[in-house]
Amino acid sequence: MKELMLTNKAIARGAYEAGVKVLSAYPGTPSTEIAENFVKHEGVYAEWAPNEKVALEVAIGSAVAGARSMACMKHVGLNVAADPLFTAAYTGVNAGLVIVVADDPGMHSSQNEQDSRYYARSAHVPMLEPSDANEGKEFVKLAYEISEKFDTPVIVRETTRVAHSHGMVELCDREEQPLKKYEKAIGKYVMMPANAIKRHVFVEKRDNDLVEYSCACAANRAEYTDENEIGVVCSGVVYEYVKEALPNANVYKVGMVHPVPVPAILEFSKHVKELYVIEELEPFIEDALKAAGIACKGKELFSLQGEISVPKILQAFNMPYDGATEAEKVPMRPPVMCAGCPHRGVFYVLNKLKCTVNGDIGCYTLGAVAPLSAVDTCVCMGASVGMAHGFKKATDGESHNVAVIGDSTFLHSGVTGLINAVYNESGITLMILDNSTTGMTGHQQHPATGKNLKGDPAPVVLLDELVKACGVKDLQIVDAYDVKAVEKAVKAATASKEVSVIIAQRPCALLDKSPKPKVKVDGCRSCGVCMKLGCPAISMGKDGIVIDPIQCTGCEVCAKVCPFNCLQKEGV
């Protein structure tokens with residue numbers, strides 16, 4: 001039976017069919033839907049972990065115990081999980097272990113364009129890269145075979161266009177995997193120096209074996225035609241673009257991207273006059289071929305930045321291109337926080353008070369967008385706290401900077417930064433924007449929401465008690481919609497000489513979609529103060545501001561900043 005399926009769902013299906021028992025993940029676009037779909041299957045266990053490092057450690061533990069296991073994350077999450085990844089490459093596995101990582105060329109929802117293929121090479125683990133949904137499912141199953149055959153973790157890499165595309169997927173039955181017997185092996189699993197030195201020798205031998213395997217692997221294949229003298233080496237979604245743009249080209253499809261099947265591609269190159277490598281981001285395959293003395297062209301035709309596309313390939317080969325499609329002619333719409341977003345009033349206050357704001361990863365990063373323009377920095381998950389501490393130390397405690405972080409991100413990697421600030425007495429102000437969900441990736445649960453991945457009740461981490469346990473004495477809890485209370489709290493916190501924390505609470509406006517009274521306009525004086533909120537429900541008309549009743553959620557933040565009381569909730 002076949003089903004039209006999202007690739008992330010297909011990957012989850014592949015894990016199910018392969019007999020995976022345990023999956024741990026942290027939500028991150030474009031990988032989030034894998035865990036959300038896997039947990040729907042019967043007889044499996046899946047969880048949201050506090051961060052990607054923990055997720056991979058859970059999967060490693062499960063694999064060593066004897067169950068096929070999986071960890072899922074986006075590319076920047078692999079940075080967080082790099083520590084256990086590199087050492088798990090030495091220990092190897094008992095049952096199969098697969099890490100799914102989703103890269104984001106074009107930075108649709110990410111802060112960088114890193115190329116995770118280099119992690120596979122640096123950690124000495126094999127990597128597969130599917131081109132469509134059905135390959136997503138099948139490559140996962142192949143990854144478990146490789147993992148157990150070569151005693152290694154295996155990475156399956158996808159990119160945004162693959163992860164969020166649909167394709168026909170052949171459904172198969174689950175192959176139940178009995179729990180493999182765990183046998184104590186200190187030399188294999190305890191990575192102190194004496195043991196690790198010996199395991200490194202094993203890793204290097206495994207690398208050589210994997211090169212031989214890669215050349216014969218069914219995931220790699222040569223596709224010849226009789227109508228063209230050029231050959232193209234490509235992988236992932238770029239393979240689909242090449243087949244559309246250059247239907248008559250000879251193609252070598254790389255499904256196992258590490259180790260690169262260099263001997264097989266060398267043989268392919270003998271059958272073509274010119275060899276091209278078309279790949280997104282870094283010249284990973286191209287460099288491997290050139291290092292082996294194989295002449296080819298690649299990045300002199302294509303950028304290191306952004307995505308490849310059919311038009312870009314046609315332009316590179318000087319082939320006709322009809323210009324922009326209708327979709328490409330549509331003007332870009334800048335992202336903004338939703339109407340009713342509880343973060344809006346907070347950033348209005350921070351901008352008004354001219355605070356330097358160290359931001360973090362989440363919906364609240366949009367506090368940098370005009371007209372709020374409040375966020376000064378954003379680097380990675382949890383960095384806001386450490387950066388605020390650094391600001392304080394660099395300015396001898398005189399800076400009026402505020403760290404802003406979400407509830408999920410605080411649990412991900414903000415807690416240690418707060419402990420550091422308390423321990424080293426920096427006197428920072430930290431605002432935890434508690435919207436009761438992991439909002440940016442689509443409202444996933446986390447340890448402070450009271451529910452697990454399945455939506456079942458779970459123990460709750462109390463943020464205020466956790467903050468106190470970190471040593472914080474100056475703690476305030478405010479309603480994020482109460483602009484005056486937020487302003488009062490920020491003024492008091494930034495005036496303090498000790499570490500202060502403000503928890504601004506209000507659930508995400510999208511969690512409760514029930515009808516609510518709207519805000520109405522009465523006697524607007526066109527002062528424009530409410531326009532500084534940047535709410536998409538508010539616009540300026542010829543006779544004053546206009547509130548769109550379709551978008552308005554009745555949060556009343558606009559009413560609370562209006563100096564002339566011209567805005568009121570309906571029915572008041």
Side-chain angles (χ1 to χ4, degrees), residues 342-365 367-368 372 374-436 447-448 461-506 557 560:
H343 306 327
R344 179 170 281 106
V346 172
F347 285 117
Y348 170 82
V349 168
L350 293 173
N351 188 31
K352 177 183 175 182
L353 297 179
K354 294 181 170 52
C355 295
T356 298
V357 178
N358 299 115
D360 224 293
I361 305 298
C363 297
Y364 42 87
T365 312
L372 291 169
V375 176
D376 291 83
T377 66
C378 177
V379 174
C380 66
M381 297 281 279
S384 61
V385 194
M387 291 184 69
H389 173 70
F391 258 76
K392 280 290 186 181
K393 291 301 182 182
T395 59
D396 298 320
E398 297 303 317
S399 60
H400 292 288
N401 60 302
V402 176
V404 173
I405 196 168
D407 44 337
S408 179
T409 309
F410 178 66
L411 295 172
H412 176 284
S413 49
V415 178
T416 48
L418 179 59
I419 292 172
N420 179 65
V422 173
Y423 175 62
N424 290 298
E425 302 178 296
S426 67
I428 68 167
T429 294
L430 170 63
M431 295 193 74
I432 301 174
L433 307 186
D434 181 7
N435 66 352
S436 304
V461 173
L462 301 175
L463 295 180
D464 55 341
E465 296 297 326
L466 178 57
V467 166
K468 292 176 184 176
C470 291
V472 175
K473 297 177 182 177
D474 186 352
L475 171 64
Q476 302 176 75
I477 300 176
V478 297
D479 181 349
Y481 281 166
D482 190 340
V483 178
K484 291 183 179 178
V486 171
E487 183 171 347
K488 180 180 178 182
V490 172
K491 286 180 177 178
T494 53
S496 175
K497 294 299 183 183
E498 62 180 86
V499 174
S500 55
V501 174
I502 303 168
I503 302 178
Q505 297 178 329
R506 178 67 72 154
V557 171
K560 291 169 183 173

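Sequence positions, counted from 1, serve as the residue numbers for this chain.
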Looking only at non-hydrogen atoms, find the nearest pair between [X] and [Y] and report the distance.
X: V557; Y: G345; answer: CG1-CA, 4.1 Å
X: A489; Y: V478; answer: CB-CG1, 3.9 Å
X: V385; Y: G414; answer: CG2-O, 4.0 Å
X: C380; Y: D360; answer: O-OD1, 3.1 Å

Has the side chain of [X] got a donor or acceptor atom that lies under 3.5 Å from a matching backbone atom of [Y]?
X: S384; Y: I405; answer: no
X: S413; Y: M381; answer: yes
X: Y364; Y: G406; answer: yes
X: N351; Y: A374; answer: no
X: S426; Y: K392; answer: no
X: D376; Y: V357; answer: yes
X: D479; Y: Y481; answer: yes

Euclidean distance, [Y] [atom2] relative to [X] [atom1], rounded to 0.5 Å:
X: M387; Y: T377; atom1: CE; atom2: OG1; answer: 3.5 Å
X: L433; Y: T409; atom1: CG; atom2: OG1; answer: 9.5 Å
X: I428; Y: F391; atom1: CD1; atom2: CZ; answer: 12.5 Å
X: L411; Y: L466; atom1: CG; atom2: CG; answer: 6.5 Å
X: L462; Y: K468; atom1: CG; atom2: NZ; answer: 10.0 Å
X: H343; Y: M431; atom1: NE2; atom2: CE; answer: 11.0 Å

Please list, chain by chain and in numerical order, all residues satisfying salt bridge (Lys or Arg N to Asp or Glu O under 4.0 Å) with K473, sequence neighbours excluded.
none

Apply side chain to side chain contact (heavy atoms under 4.5 Å, CB included) to D434 and F410, showing your working.
CA-CA 9 Å; D434 181 7; F410 178 66; over 6 Å; no

[X] side chain near [Y] side chain, heavy-atom distance below 4.5 Å:
X: T429; Y: V490; result: no
X: V486; Y: L350; result: no
X: V346; Y: I502; result: no
X: L475; Y: D464; result: yes
X: V472; Y: V422; result: yes

Show me the pairs that pass salt bridge (Lys or Arg N to Asp or Glu O under 4.0 Å) and involve residues 346-358, at least two apart or across chains.
K352-E487

Run through L430, V499, N424 and flag the one making a side chain to side chain contact (heavy atoms under 4.5 Å, CB included) with H389.
N424

